[in-house]
Amino acid sequence: MTKTPGMTRRDAVVRGGAAAAGLALMPMDTLSRWMSRIAQEAVVPWLDRPDESMARVNVLDWEALSSWVTPTEKLFRVGHYGTPEIAAEDWRLEIGGLVEGLRSFTLDELRARPRQDVVMTLECAGNRGFSGFIGAVHNARWTGTPLASVLEEVGIAPDGIEVVFFGADQGEEEIRGNTVTQNFARSMSLDDAMDPEILLCYEVNGEPLPTEHGFPLRVIAPGWYGVANVKWLTRIEIRDTRYMGRFMARDYVTLREEVRDGETVWAETSVGRAKINSVPAKVTRDGDGHRIHGAAWGADIARVEVRIDDGAWREATLGEGRGDPDTWTFWHIDWAASDGEHAITSRAISSAGDVQPAADDPLITRKKTYWESNGQLTRRVSID
Ligand SMILES: Nc1nc2c(c(=O)[nH]1)N[C@H]1C(S)=C(S)[C@@H](COP(=O)(O)O)O[C@H]1N2
Ligand SMILES: [Mo]
């Protein structure tokens with residue numbers, strides 16, 4: 001990557017544009033403040049702005065949403081055991097367990113394999129589960145080599161049914177009085193792992209993965225919640241039993257009360273595939289009228305509907321991303337708003353007919369843990 005020292009690519013682009021506009025003498029910070037004010041000028045701010053407590057993980061500011069592909073520096077980041085710094089020269093991906101022969105790959109060997117790209121929306125399963133955490137979602141272009149062909153080449157033993165992905169990051173876990181050091185790990189059934197879309201990924205938005213997002217290699221699994229996309233990948237292990245590590249079996253477990261024949265059954269399910277979701281992102285003023293903009297993801301989005309206050313649901317217009325089940329779909333709807341305070345709710349509907357559940361749907365209200373909080377979101381604005 002070639003870079004002018006002390007200058008990001010984005011600065012270079014801004015500076016180039018500024019020069020063209022004859023503004024080259026304006027200091028950079030003044031200029032970028034001025035440009036972002038223009039971009040946001042017409043936004044009517046939400047009354048229920050999330051608190052800033054989650055800014056440290058770089059959550060998305062929905063009101064500032066403008067780009068369908070999230071720029072790399074805007075990606076939210078989650079690391080449960082900190083951020084390991086890995087030197088590419090010392091790093092190997094090892095594939096072991098129930099394989100025909102232990103194999104290891106250097107980064108150059110993986111980069112020399114067939115390249116594949118996917119634009120994918122990745123949402124943390126905790127998104128919208130607690131205060132301030134409503135922007136843990138991004139939509140980026142990821143590049144790597146298909147996992148399936150690597151597994152095929154290595155050869156899986158006949159009794160192998162489970163593929164476990166280990167990251168380099170480690171933490172101490174206490175299990176029944178034993179304190180043990182463990183690596184972050186997640187698994188998939190062999191069947192799921194053979195999905196030709198899943199990547200051993202080394203680039204995001206055309207550049208090597210930044211340290212925070214998994215350098216040198218991560219799993220990219222379209223259609224799965226964020227937690228399945230293991231960063232800082234060092235080892236893949238094939239096993240003959242389901243893997244029961246913390247992030248499969250104890251954490252990222254959804255506890256939900258299901259009532260069957262009047263009796264409660266507590267369902268505990270491991271967070272896995274993404275669930276349908278949508279949010280109103282921002283309201284803009286457009287001449288005399290207003291427009292509500294939003295995003296929907298987590299399924300093949302067929303339709304998005306919007307409700308103002310207790311009015312009827314109205315169908316929004318789908319924009320960028322429509323028809324691609326791996327990415328978010330942007331949507332908008334025009335709104336002849338009356339003065340005063342209003343509540344705006346969106347709901348997404350998939351091509352299979354799944355409807356994003358209402359906030360008071362038992363699927364949401366009987367869920368005790370905060371994972372998979374995909375109920376309809378209502379946001380408030382004041383129009384004057
Ligand atoms: N090795 C490792 N991989 C990980 C995690 C982690 O803590 N360690 N967090 C997961 C979770 S919970 C999420 S939501 C995504 C976030 O990916 P991002 O930081 O690139 O946005 O990474 C996943 N991969
Ligand atoms: Mo997550």
Side-chain angles (χ1 to χ4, degrees), residues 54-60 69-86 91 93-94 118-130 132-144 147 163-173 181-188 198-205 207-237 243 245-254 270-275 277 297-298 328 369-374:
M54 295 313 287
R56 64 187 168 83
V57 294
N58 206 29
V59 287
L60 194 82
V69 172
T70 313
T72 304
E73 72 275 10
K74 291 260 159 76
L75 301 176
F76 84 89
R77 43 182 184 258
V78 169
H80 290 280
Y81 296 142
T83 304
E85 297 262 354
I86 297 174
W91 175 92
L93 172 66
E94 201 171 84
V118 66
V119 180
M120 177 184 88
T121 293
L122 183 153
E123 182 185 25
C124 179
N127 190 36
R128 307 205 24 228
F130 52 89
F133 204 50
I134 68 168
V137 55
H138 50 59
N139 184 65
R141 177 180 299 277
W142 304 91
T143 305
L147 167 68
V163 181
V164 194
F165 303 96
F166 291 92
D169 47 333
Q170 296 186 323
E172 303 243 295
E173 294 296 338
T181 302
Q182 292 195 333
N183 290 70
F184 181 91
R186 279 280 304 194
S187 72
M188 278 183 195
I198 297 178
L199 299 181
L200 296 174
C201 165
Y202 44 75
E203 282 177 16
V204 59
N205 294 335
E207 304 277 359
L209 293 179
T211 298
E212 305 79 42
H213 298 288
F215 182 86
L217 194 77
R218 75 178 302 174
V219 175
I220 279 294
W224 293 72
Y225 271 117
V227 70
N229 297 261
V230 177
K231 302 190 280 190
W232 311 294
L233 188 65
T234 55
R235 182 173 165 82
I236 299 177
E237 202 168 299
Y243 174 71
R246 169 177 160 193
F247 297 96
M248 288 302 289
R250 300 196 298 286
D251 211 348
Y252 285 84
V253 168
T254 294
S270 184
V271 167
R273 292 191 187 272
K275 289 201 154 62
N277 209 341
W297 64 89
W328 61 19
T369 45
Y370 62 73
W371 314 109
E372 305 180 282
S373 291
N374 68 325

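Numbering starts at 1 and runs along the sequence shown. Whatever order the structure lists them in is the order used to number ligands and atoms, beginning at 1.
The aromatic rings of F247 and F184 sit tilted, their planes meeting at an angle between 30° and 60°. Between F130 and F133, the angle of the ring planes stays under 30°, which puts this pair in the parallel group of the 30/60° scheme.
Close contacts of ligand 1 with N229, meaning ligand atoms under 4.0 Å from a residue heavy atom, involve 22 (O), 23 (C), 24 (N).
Regarding atom 7 (O) of ligand 1, its nearest protein heavy-atom neighbour is H80 N, 2.7 Å. Remark: minimum distance from atom 3 (N) of ligand 1 to any protein heavy atom is reached at K231 N, 2.9 Å.
Ligand 1 has no nitrogen or oxygen under 3.5 angstrom from a nitrogen or oxygen of Y252. On a distance-only criterion, G167 and ligand 1 share no N/O pair closer than 3.5 Å. For a threshold of 3.5 Å applied to N or O pairs, the pair formed by H138 and ligand 1 contains at least one separation below that value. Of the N or O atoms in E123, none lie within a sub-3.5 Å distance of an N or O in ligand 1. By the 3.5 Å distance cut-off applied to N or O atoms, V227 is not counted among the residues near ligand 1.
By the salt bridge (charged side-chain N to carboxylate O under 4.0 Å, His left out) test, E372 is found to be paired with K275, residues two or more places apart in sequence or in another chain being considered.
The backbone N or O of A221 lies less than 3.5 Å from a partner atom in the side chain of N229, making a donor-acceptor pair.
Proximity of D169 to ligand 1, defined as any heavy-atom pair under 4.0 Å, is confined to the side chain (atoms from C-beta onward).
Of the options R218, E212, R77, the smallest heavy-atom separation from atom 17 (O) of ligand 1 is shown by R218. Taking all heavy atoms of F166, F184, F76 into account, the minimum distance to atom 4 (C) of ligand 1 is reached by F184.
By the 6.0 Å and 45° rule, R186 does not stack over the aromatic ring of W224.
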